[in-house]
**Q** 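Please see the structure below; I have some questions.
Hydrogens, waters and symmetry mates are skipped; everything else that's a heavy atom, side chains included, is used. Each chain gets a letter, A, B and so on, in the order the sequences are listed, and its residues count up from 1.
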Number of protein chains: 2
Amino acid sequence: MGEVAGLLRRAGLRPTTQRRIIVTDLIDRTGTPTALELHALLRDAGHRVGLSTVYRTLGALAEAGVVHTFPRRNEVAFRRCADGPHQHLICLSCGRIEDLAPPQLDAAAGSLAYPAGFTVQGRRTDVYGVCAAC
Amino acid sequence: MGEVAGLLRRAGLRPTTQRRIIVTDLIDRTGTPTALELHALLRDAGHRVGLSTVYRTLGALAEAGVVHTFPRRNEVAFRRCADGPHQHLICLSCGRIEDLAPPQLDAAAGSLAYPAGFTVQGRRTDVYGVCAAC
DNA sequence: ACCACAATTGACAACCGTTATCGGTATCAA
DNA sequence: TTGATACCGATAACGGTTGTCAATTGTGGT
Ligand SMILES: [Mn+2]
Ligand SMILES: [Mn+2]
Ligand SMILES: [Zn+2]
Ligand SMILES: [Zn+2]
């Protein structure tokens, strides 16, 4: 079983033709497209996937934690999520997103004291700024 | 000039009657309502504010950094933003949100090394878990 | 291989939170 | 006070997302 099919299985999804197309694209792509944008990109690349399927698959992958969601104005963008703890570097000028996973991230986060009774299950940090290219 | 009017002025907004009503409510409220929800809450409280004004005001306050936005499924919730750096504790069970501003937050964040050329302008950390009440 | 059945797909319609319009009103500096 | 300007709000329009459902596909058992 290949990487793509395994990723889908782990997310509890049958590795169908359309889902393989979507996941393969997400793995290769460095950008952060919306469902609408990804649908257009796939069609332009010669693939045939319905818009509903793109929405359903991205939603399922997000729920499974395979992709992270990035809210825009009245729409949502999706990006393959890096393995392990990481932060997102988001350029306010060009919109580019990078993943940053410094080794000391775990230690820094763990040293913070949370209110008694609060059970931490997940954490997300987005850093906004201007990238080197801009 | 009162606290409410000053806050509006700092955000570059005229302190109109409707904006005072909205900001006063946001300061007192501990919840995190959407524009639609806040509009209903204000009407139920006897105030008269148009839905468009609620949307416009919340959008302007968010852009000014006075409130933080919390995306939900196909809608956005708003919450008065705490002064200074802080994290958000979000309960996955009841949806309650708390602000956490530990003193060591600045130091921990500043110790991370970012890629050369990336200028940090803002940061946001959301911690997900289950609160003490749940 | 074959089969039966549940899961999935996709064209299309509907939904609904948000934004655009625009005539009337409130704010504020001069 | 007054004129210029910002703002309000009822309503219409917009558009990203979700629901529908007949046709198709993936899968495990035979
Ligand atoms: Mn990520
Ligand atoms: Mn906040
Ligand atoms: Zn950039
Ligand atoms: Zn809770």
Side-chain angles (χ1 to χ4, degrees), chain A residues 1-2 4-25 32-64 66-67 69-79, chain B residues 1-2 4-25 32-64 66-67 69-79:
Chain A
M1 176 175 305
V4 172
L7 192 154
L8 284 167
R9 280 256 135 82
R10 258 175 276 128
L13 301 173
R14 284 189 182 177
T16 66
T17 302
Q18 294 83 358
R19 286 171 178 165
R20 287 171 193 270
I21 292 171
I22 293 171
V23 168
T24 299
D25 183 280
T32 308
T34 66
L36 234 33
E37 290 167 352
L38 181 56
H39 178 250
L41 289 167
L42 293 176
R43 288 200 78 82
D44 292 349
H47 296 115
R48 201 162 309 171
V49 183
L51 179 57
S52 297
T53 300
V54 175
Y55 272 107
R56 275 189 302 242
T57 301
L58 288 175
L61 291 175
E63 191 152 4
V66 175
V67 299
T69 59
F70 295 84
R72 294 188 194 164
R73 164 176 296 234
N74 286 354
E75 58 191 339
V76 182
F78 298 84
R79 178 185 178 79
Chain B
M1 177 176 303
V4 172
L7 193 154
L8 284 167
R9 281 255 137 82
R10 259 174 275 130
L13 302 172
R14 284 187 182 176
T16 66
T17 301
Q18 294 82 0
R19 287 171 177 165
R20 287 171 192 269
I21 292 171
I22 292 172
V23 168
T24 300
D25 184 279
T32 308
T34 66
L36 235 32
E37 289 167 353
L38 181 57
H39 178 250
L41 288 166
L42 292 177
R43 287 201 77 83
D44 293 350
H47 295 116
R48 202 165 307 172
V49 183
L51 179 57
S52 298
T53 299
V54 175
Y55 272 107
R56 275 190 301 244
T57 301
L58 288 175
L61 292 175
E63 191 152 4
V66 175
V67 300
T69 59
F70 295 84
R72 296 187 193 165
R73 163 174 297 232
N74 287 354
E75 57 190 343
V76 182
F78 297 84
R79 179 186 177 78

**Q** Looking at C:dT8, I'd like to know if its phosphate oxygens (OP1 or OP2) sit under 4.0 Å from a side-chain N or O belonging to A:Gln18.
**A** no
**Q** Quick one: CG on A:Leu42 to CD on A:Gln18, what's the gap to the nearest 0.5 Å?
**A** 11.0 Å
**Q** Among B:Val54, B:Val4, B:Val49, B:Leu8, find the residue that satisfies the side chain to side chain contact (heavy atoms under 4.5 Å, CB included) test when tested with B:Arg19.
**A** B:Leu8
**Q** Could you tell me how far apart A:His39 (NE2) and C:dT9 (C1') are, to the nearest whole angstrom?
**A** 12 Å
**Q** Nearest whole angstrom, please: distance from the P of C:dA26 to the CZ of B:Arg19.
**A** 15 Å
**Q** When rounded to the nearest 0.5 angstrom, what is the spacing between CZ in B:Arg43 and CG in B:Leu51?
**A** 10.0 Å
**Q** CD of B:Glu63: more than 12 outside heavy atoms within 6.0 angstrom?
**A** no
**Q** Tell me which of B:Leu36 and B:Arg14 sits closer to the 5' end of DNA chain C, going by the nucleotide each one is nearest to.
**A** B:Leu36
**Q** Starting at the 5' end of DNA chain C and moving along, which residue's nearest nucleotide shows up first, B:Tyr55 or B:Thr16?
**A** B:Tyr55
**Q** To the nearest angstrom, how far is A:Arg48 atom CZ from D:dT25 atom C1'?
**A** 16 Å
**Q** I need the CG-P distance between A:Asn74 and D:dT18, as an integer number of Å.
**A** 13 Å
**Q** C:dC28, OP1 or OP2 - any side-chain N/O from B:Arg9 closer than 4.0 Å?
**A** yes
**Q** Per the atom types in the model, does the base of C:dG17 pair as donor or acceptor with the side chain of B:Thr34 at under 3.5 Å?
**A** no
**Q** In whole angstrom, what separates A:Leu51's CG from C:dT8's C1'?
**A** 16 Å
**Q** Does the side chain of B:Thr17 get closer than 4.0 angstrom to OP1 or OP2 of D:dC7 through an N or O atom?
**A** no
**Q** For B:Leu13 and for B:Arg73, find the nucleotide of DNA chain D with the closest heavy atom, then tell me which residue's nucleotide is more 5'.
**A** B:Leu13
**Q** D:dC8 P sits how many Å from B:Leu42 CG, rounded?
**A** 13 Å
**Q** Find out whether A:Ile21 and A:Thr17 are in side-chain contact, i.e. whether some heavy atom of one side chain is under 4.5 Å from a heavy atom of the other.
**A** yes
**Q** Could you check how far CD of A:Glu75 sits from C1' of D:dT18, rounded to whole Å?
**A** 16 Å
**Q** Rounded to whole angstroms, how far apart are CD1 on A:Ile21 and P on D:dT25?
**A** 13 Å
**Q** Just call it for B:Arg56: base, sugar-phosphate, or nothing, with non-hydrogen atoms closer than 4.0 Å on any strand.
**A** base
**Q** Quick one: label A:Arg72 by what it contacts on the DNA or RNA (base, sugar-phosphate, nothing), any heavy atom closer than 4.0 Å.
**A** nothing
